[in-house]
*Asks:* 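Before we start, here is the structure in question, set down as structure tokens.
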Amino acid sequence: MNDHLTAPRPSYPAPTPARTEPARPHLSRRRLLQGSAALGGLIAFGTAVSASTTPAFAATVSRPDIISVKGWGGASPKGPLSTIDRRPGHLVIHHTTHENSADYSDEAAHAVARLIQRNHMTNGWADTGQQFTIARGGQMLEGRQGSLAAVVDGTRFIEGAHAYGFNDQSVGIEVDGMYTSVLPTDAQWASLVHLSAFICERYGIGVDRIIAHRDAPGAQTLCCGDAFYAQLPALRQEVEAALAGGLDAGPGTSRDYPTVGRGDEGDAVRRVQVTLTGIGHRTGVADGVFGEATEQAVREYQSSIGTGVDGVVGPRTWGALATHHAAGSTVRSGDGGTEVEYLQRGLIAADGAALAADGVFGDQTESAVRGYQQSRGLAVDGVAGQNTWHAVKHGR
């Protein structure tokens, strides 16, 4: 079956925004576990599990709110689609290479799904190549027709056209945008964790089998972009946590820092409000309700630190907020406490450091600090002083 390796990957134009102001994403898409807080906050970025690891999955992941082909106004396939009556062995992650649109509305999500389908059909394919798409606002959409019903069934999949020579072994997710030097939005990341966990659970795919397109056998591509590719170990770890039913609740876990956005409520939202107010951003009353004023304050803060502006508080925004509490201190090997934990969270969010946010400045933390300093052109001494804090806070 054809896919985008049969010819150079097309550079698609960005869709015409349905409206210029970003609309809030559907926050229910970030509920990863039945009866538990959403994952998608900060956790230690680990490495992929070994290839021999095949988790025994429990039914822990809630069904994502995926917009069907009919829901986004897709056309009928131009020819028959192949159903493979077995489970796929891999999940392949792509980026679309589109411009990183600031329109996060449902209308823009539907438009990009239609755009992808038109371009893929123009290439001679029967339908959209990938099985699923994640739009800039975090909306999850069915791609190739029948893929949603197939994954819910869990015993079959619709053969796609997303990884040449590997389509009969895998399902693909396209994350809308270009991620060679920047990362997906926090809303996209949270949805990617949720959708990936659901797919892996339904098909029994081990997290070590979540790969980038560039890692598919015979691939000749840099997809899904260098910046995004560097975060795949983090994706595998967060998916693994979701499949396991979540991390143990307690200090330093992602349940302390869940992804939150418009419409969410609770202690995590209150922490966001208090922190933003303390650094000069108006959220209104710190009532634990993520409303319009809180979203606007988050957007202003994200703009001030130079990260993606989507109004959603996910890993990178939490990491930057955390460093604000400790930016006036200097911490080094042997230190411990809240400031060290904030430093670790900042390094995890900014650089994908393989650390536990345990508040202990040991050898791993010092090594991560040195690596971060070297990569940013700072004095390499393993000590987090003013310049290092500033760089971590701004994700530089």
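Atom set for the values below is all heavy atoms of this structure, side chains included, hydrogens, waters and symmetry mates excluded. Starting from 1, each residue takes its place in the sequence as its number.
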*Asks:* Does R118 offer a backbone N or O that forms a donor-acceptor pair with the side chain of T122 under 3.5 Å?
*Replies:*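 A pair under 3.5 Å: yes.
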*Asks:* Got a sec, which residues hit side chain to side chain contact (heavy atoms under 4.5 Å, CB included) with N387, two or more places apart in sequence or on another chain?
*Replies:*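 N387 satisfies side chain to side chain contact (heavy atoms under 4.5 Å, CB included) with L378 only.
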*Asks:* Checking R202 side chain against V152 main chain: does a donor-acceptor pair fall under 3.5 Å?
*Replies:*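 Flag set: sc R202 to bb V152 pair under 3.5 Å.
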*Asks:* R270: what forms a side chain to side chain donor-acceptor pair (under 3.5 Å) with it, not counting sequence neighbours?
*Replies:*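 In terms of side chain to side chain donor-acceptor pair (under 3.5 Å), with neighbours along the sequence ignored, R270 is linked to D267.
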*Asks:* Could E366 and R370 be called an ion pair, given the rule that one side-chain N must be under 4.0 Å from one carboxylate O?
*Replies:*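 Here E366 pairs with R370 in a salt bridge, since their nearest N and O are under 4.0 Å apart.
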*Asks:* Will you find, in the side chains of W189 and E238, an N or O donor that is under 3.5 Å from an N or O acceptor?
*Replies:*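 Their side chains do contain a donor-acceptor pair, which is all the 3.5 Å distance test asks for.
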*Asks:* Taking D264 for the side chain and G261 for the main chain, is one N or O donor matched with an acceptor at less than 3.5 Å?
*Replies:*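 Yes: the side chain of D264 pairs with the backbone of G261.
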*Asks:* Under the salt bridge (charged side-chain N to carboxylate O under 4.0 Å, His left out) rule, collect the residues that match up with R114, sequence neighbours excluded.
*Replies:*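 Listed in chain order: nothing, the list is empty.
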*Asks:* List the residues meeting side chain to side chain donor-acceptor pair (under 3.5 Å) with T294, not counting sequence neighbours, and say none if there are none.
*Replies:*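 T294 satisfies side chain to side chain donor-acceptor pair (under 3.5 Å) with Q273 once adjacent residues are dropped.
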*Asks:* For R87, give me all partners under side chain to side chain donor-acceptor pair (under 3.5 Å), at least two apart in sequence or on another chain.
*Replies:*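 With sequence neighbours excluded, R87 shows a side chain to side chain donor-acceptor pair (under 3.5 Å) to no residue whatsoever.
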*Asks:* Hey, which of H95, H94, H162 is the one that makes ring pair (Phe, Tyr, Trp, His ring centres under 6.0 Å) with H213?
*Replies:*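 Running ring pair (Phe, Tyr, Trp, His ring centres under 6.0 Å) over H95, H94, H162 with H213 returns exactly one hit, H94.
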*Asks:* Taking Q130 for its side chain and G143 for its backbone only, find out whether a donor-acceptor pair lies under 3.5 Å.
*Replies:*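 Such a contact is absent between Q130 side chain and G143 backbone.
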*Asks:* Checking R156 now: which residues fulfil salt bridge (charged side-chain N to carboxylate O under 4.0 Å, His left out) with it, not counting sequence neighbours?
*Replies:*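 Partners of R156 by the salt bridge (charged side-chain N to carboxylate O under 4.0 Å, His left out) criterion, ordered by chain and then number, come out as D153.
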*Asks:* Tell me every residue that passes salt bridge (charged side-chain N to carboxylate O under 4.0 Å, His left out) with D85, counting only those two or more places apart in sequence or in another chain.
*Replies:*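 D85: no salt bridge (charged side-chain N to carboxylate O under 4.0 Å, His left out) contacts found.
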*Asks:* Under the side chain to side chain contact (heavy atoms under 4.5 Å, CB included) rule, collect the residues that match up with T277, sequence neighbours excluded.
*Replies:*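 Listed in chain order: T283.
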*Asks:* Under the ring pair (Phe, Tyr, Trp, His ring centres under 6.0 Å) rule, what pairs show up with a residue in residues 214-236, not counting sequence neighbours?
*Replies:*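 Every pair satisfying ring pair (Phe, Tyr, Trp, His ring centres under 6.0 Å) with a residue in residues 214-236: Y179-F228.
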*Asks:* Could I get the full list of side chain to side chain donor-acceptor pair (under 3.5 Å) partners for Q373, not counting sequence neighbours?
*Replies:*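 Q373: side chain to side chain donor-acceptor pair (under 3.5 Å) contacts with D381, T388.
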*Asks:* Given 3.5 Å as the limit, does a donor-acceptor pair link the side chain of Q188 with the main chain of A135, or not?
*Replies:*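 Yes; judged by distance alone, with no hydrogens or angles, the pair exists.
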*Asks:* Can you name the side chain to side chain contact (heavy atoms under 4.5 Å, CB included) partners of E300, sequence neighbours left out?
*Replies:*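 E300 satisfies side chain to side chain contact (heavy atoms under 4.5 Å, CB included) with H281, Q296 only.
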*Asks:* With side-chain contact (heavy atoms from CB on, under 4.5 Å) as the test, pick out the partner of M140 among L148, I173, L195.
*Replies:*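 Output: one option passes, namely L195.
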*Asks:* Would the distance check show the side chain of R136 and the main-chain N or O of D103 forming a donor-acceptor pair, the cut-off being under 3.5 Å?
*Replies:*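 Side chain of R136 to backbone of D103, a donor-acceptor pair under 3.5 Å: no, none is there.
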*Asks:* For R282, look at atom CZ and say whether over 12 heavy atoms of other residues, nucleotides or ligands are found less than 6.0 Å away.
*Replies:*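 No, the 6.0 Å shell around CZ holds no more than 12 heavy atoms from other groups.
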*Asks:* With sequence neighbours excluded, give me every salt bridge (charged side-chain N to carboxylate O under 4.0 Å, His left out) pair touching residues 75-84.
*Replies:*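 Every pair satisfying salt bridge (charged side-chain N to carboxylate O under 4.0 Å, His left out) with a residue in residues 75-84: there are none.
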*Asks:* Return the minimal non-hydrogen interatomic distance between L243 and E201, and the atom names on each side.
*Replies:*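 Taking every non-hydrogen atom into account, CD2-CB, 3.6 Å.
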*Asks:* Are the side chains of V61 and H194 in touch, meaning some heavy atoms are under 4.5 Å apart?
*Replies:*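 They are in side-chain contact.
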